[in-house]
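Step one of this worksheet: look at the structure below.
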Amino acid sequence: MTALVHRSVMVDEIIQALQPNLGGLIMDGTVGGGGHSEALLEAHPSVRVIGLDRDAEAIETAARRLARFGDRFQAFHLDYREAPEFLAARGVVSLDGALLDLGLSSGQVDDPARGFSFQLEGPLDMRMDRRQMVTARQLVNELTEKELSDLIFRYGEEPAARRIARQIVRAREEQPIETTRALAAIVARASRPFSRQRIHPATRTFQAIRIAVNHELDGLCELIKALIPMIAPGRRLAVIAFHSMEDRIVKQSFRWADGECQCRVGLFDLQPADRCPVCGAGRRVKILTRRPILPSSGEVERNPRSRSAKLRVCERMATGE
């Protein structure tokens, strides 16, 4: 199978959202192949970008790609959830924009050795950061049937989760499940009654295991809440999510920063200077995307992997903390 060239999702929309023509320091918290960072750096000569990624190979790729920008681009091998503390330690107290693209890069998906794709034969790995110990193989072969079922249902929103978990346990009793295609074949057999679905039957299960391996949802809300005070007034935070659970966290975090209480929605009539004494909600931002921005039909045609992307943008208000 020929690997697809990596195309960053909704580059034009990100440029419009983050307004790099105003210059300043922008954080790309998930630099990946460097496509978004490159577009931001090309947009204005005074833009500087700090690029973070927990995938060491992505950092190496982005550093090579963007070397021509000199010290305007700096890349760091770091989990984006550590960004607020990392930036503060470097003396960065204010950002002129921030981006989180929560999807996988084509480099990750198209490398069989990474184990992300059910279409390519490779080891069951799925780690974004290879420094971590737990792999997909361990989860698939060591979790109980109930733990697997709960994981696949929770993170994959898979209606056949119990059936799939049962088949996985039966298969591993004969021999350990070692490869992506072996797991995909087990899931496909278990999902046969649901074969009318438009996506490959293994899609949701692989998504669920990947999310669990990388703890992708853990700390996302807290990160957004911590980043917002670091955004300069009038500047913006943009987040691209690729499945409903991520998008829901982003939406709720933005609403919290717009004054919607998480403890009991509507309990307080918050004014710009107010904070909910329970959950801390307050009007820190103006939400610019009440509904998420979706990729154009043309982009989806050119880059099918963009089809599930949802972009949400908020702007830091001058009032408040």
Side-chain angles (χ1 to χ4, degrees), residues 4-20 26-43 47 49-63 65-66 73-83 95 97-110 114 116 128-129 207 210-211 214-221 223-224 227-228 231 235-251 253-254 288-289 292-296 299-300 302-314:
L4 296 178
V5 176
H6 177 69
R7 296 187 178 96
S8 295
V9 174
M10 292 195 284
V11 172
D12 292 342
E13 290 85 347
I14 289 298
I15 294 299
Q16 182 177 357
L18 293 183
Q19 301 176 304
I26 297 176
M27 185 197 79
D28 185 346
T30 46
V31 73
H36 288 123
S37 288
E38 182 177 52
L40 291 166
L41 289 162
E42 288 177 338
V47 168
V49 174
I50 290 180
L52 312 178
D53 207 293
R54 54 177 160 169
D55 188 331
E57 293 177 25
I59 287 295
E60 292 173 5
T61 299
R65 178 176 183 174
L66 305 177
F73 176 74
Q74 293 181 296
F76 299 94
H77 183 199
L78 189 77
D79 189 319
Y80 59 68
R81 287 168 290 199
E82 302 173 53
L95 292 168
L99 166 65
L100 299 173
D101 176 354
L102 303 177
L104 290 171
S105 72
S106 294
Q108 292 169 324
V109 176
D110 293 332
R114 304 300 299 271
F116 286 107
M128 293 180 179
D129 186 343
Q207 171 186 293
R210 189 201 81 219
I211 290 172
N214 296 289
H215 304 282
E216 292 178 35
L217 303 183
D218 297 352
L220 178 57
C221 176
L223 170 65
I224 292 172
L227 278 179
I228 284 171
I231 305 294
R235 305 307 291 266
R236 297 171 178 179
L237 168 63
V239 186
I240 303 175
F242 285 82
H243 54 75
S244 60
M245 290 167 288
E246 283 178 341
D247 184 57
R248 191 177 306 122
I249 291 172
V250 177
K251 178 175 66 175
S253 300
F254 278 17
L288 304 181
T289 51
I293 299 171
L294 306 179
S296 68
E299 177 167 7
V300 173
R302 294 189 304 272
N303 180 17
R305 289 175 177 167
S306 70
R307 64 184 179 275
S308 58
K310 295 181 178 180
L311 168 64
R312 294 185 186 270
V313 185
C314 66

Practice prompt. In sequence, state the C-alpha distance, the side-chain angles, and the governing distance for R81 and D218, and then conclude on side-chain contact (heavy atoms from CB on, under 4.5 Å).
Written response: CA-CA 9 Å; R81 287 168 290 199; D218 297 352; 3.9 Å; yes
Item to complete: Please name all residues satisfying side chain to side chain contact (heavy atoms under 4.5 Å, CB included) with N214, sequence neighbours left out, ordered by chain then number.
Response: R54, F116, M128, Q132, R210, E216
Worksheet item: Looking only at heavy atoms, which two atoms of G97 and I231 are closest? And how far apart?
Response: C-CD1, 4.2 Å
Item to complete: Measure across I26 and A98 and return the closest heavy-atom pair with its distance rounded to 0.1 Å.
Response: CG2-N, 4.3 Å
Worksheet, complete the sentence: Shortest non-hydrogen pair, V239 vs F254, comes out as CG2-CZ, 4.1 Å
Item to complete: Using salt bridge (Lys or Arg N to Asp or Glu O under 4.0 Å) as the criterion, list what pairs up with D12, not counting sequence neighbours.
Response: none
Discussion item. If you compare all heavy atoms of L294 against all heavy atoms of A309, which two are closest, and at what distance to 0.1 Å?
Written reply: CD2-O, 3.7 Å
Item to complete: Under the side-chain hydrogen bond (donor to acceptor under 3.5 Å, both in side chains) rule, collect the residues that match up with D53, sequence neighbours excluded.
Response: none
Worksheet entry | S296 (side chain) donor-acceptor with E299 (main chain) under 3.5 angstrom | yes
Discussion item. Do C314 and L237 have side chains that approach each other closer than 4.5 Å (heavy atoms only, starting at C-beta)?
Written reply: yes
Worksheet item: To the nearest 0.5 Å, what is the distance between OG (S105) and CD (Q108)?
Response: 3.5 Å
Discussion item. Once salt bridge (Lys or Arg N to Asp or Glu O under 4.0 Å) is applied, do any residues pair with D55, and if so which ones, sequence neighbours excluded?
Written reply: R114
Worksheet item: Which residues satisfy the side-chain hydrogen bond (donor to acceptor under 3.5 Å, both in side chains) test with D247, sequence neighbours excluded?
Response: R312
Worksheet, complete the sentence: Note: S253 and C221 closest approach over all heavy atoms is OG-SG, 3.3 Å
Worksheet item: Could you give the distance from CZ (R236) to CD (Q16), rounded to the nearest 0.5 Å?
Response: 8.0 Å
Item to complete: For P20 and V47, work out which heavy atoms get closest and say how close.
Response: O-CG2, 3.0 Å
Discussion item. Just to verify, what does E82 make a side chain to side chain contact (heavy atoms under 4.5 Å, CB included) with, not counting sequence neighbours?
Written reply: L78, D79
Worksheet item: Quick one: OG1 on T30 to CG on L99, what's the gap to the nearest 0.5 Å?
Response: 5.5 Å
Discussion item. I need the Q207 CD to H243 NE2 distance, nearest 0.5 Å.
Written reply: 4.5 Å
Discussion item. Applying side chain to side chain contact (heavy atoms under 4.5 Å, CB included), can you list everything that pairs with S244, at least two apart in sequence or on another chain?
Written reply: E157, R248
Fill in: CG-CE distance between L40 and M27, expressed to the nearest 0.5 angstrom
12.0 Å
Show the atom names and distances, to 0.1 Å, of all donor-acceptor pairs under 3.5 Å that link a side chain in residues 56-63 to residues at least two apart or in another chain.
{"residue": "E57", "atom": "OE2", "partner": "R130", "partner atom": "NH1", "Å": "3.0"}
{"residue": "T61", "atom": "OG1", "partner": "E57", "partner atom": "O", "Å": "3.0"}

Worksheet item: Out of curiosity, M10 CE to K310 NZ, how far, rounded to the nearest 0.5 Å?
Response: 10.5 Å
Practice prompt. I would like to know whether L102 and I240 meet side-chain contact (heavy atoms from CB on, under 4.5 Å); could you show each step before the answer?
Written response: CA-CA 6 Å; L102 303 177; I240 303 175; over 6 Å; no
Worksheet, complete the sentence: Residues at least two apart in sequence or cross-chain that pass side chain to side chain contact (heavy atoms under 4.5 Å, CB included) with S37, listed by chain then number, are D28, V31, V49, L66, F73
Worksheet item: Does some side-chain heavy atom of V9 sit less than 4.5 Å from a side-chain heavy atom of L311?
Response: no
Discussion item. Please identify which of these residues, L18, I14, I15, meets the side chain to side chain contact (heavy atoms under 4.5 Å, CB included) condition with H36.
Written reply: I14
Fill in: For E42, all residues meeting side-chain hydrogen bond (donor to acceptor under 3.5 Å, both in side chains), sequence neighbours excluded
R68
Discussion item. Test your reading of the model: is there a side-chain donor-acceptor pair from E246 to the backbone of F242, 3.5 Å cut-off?
Written reply: yes
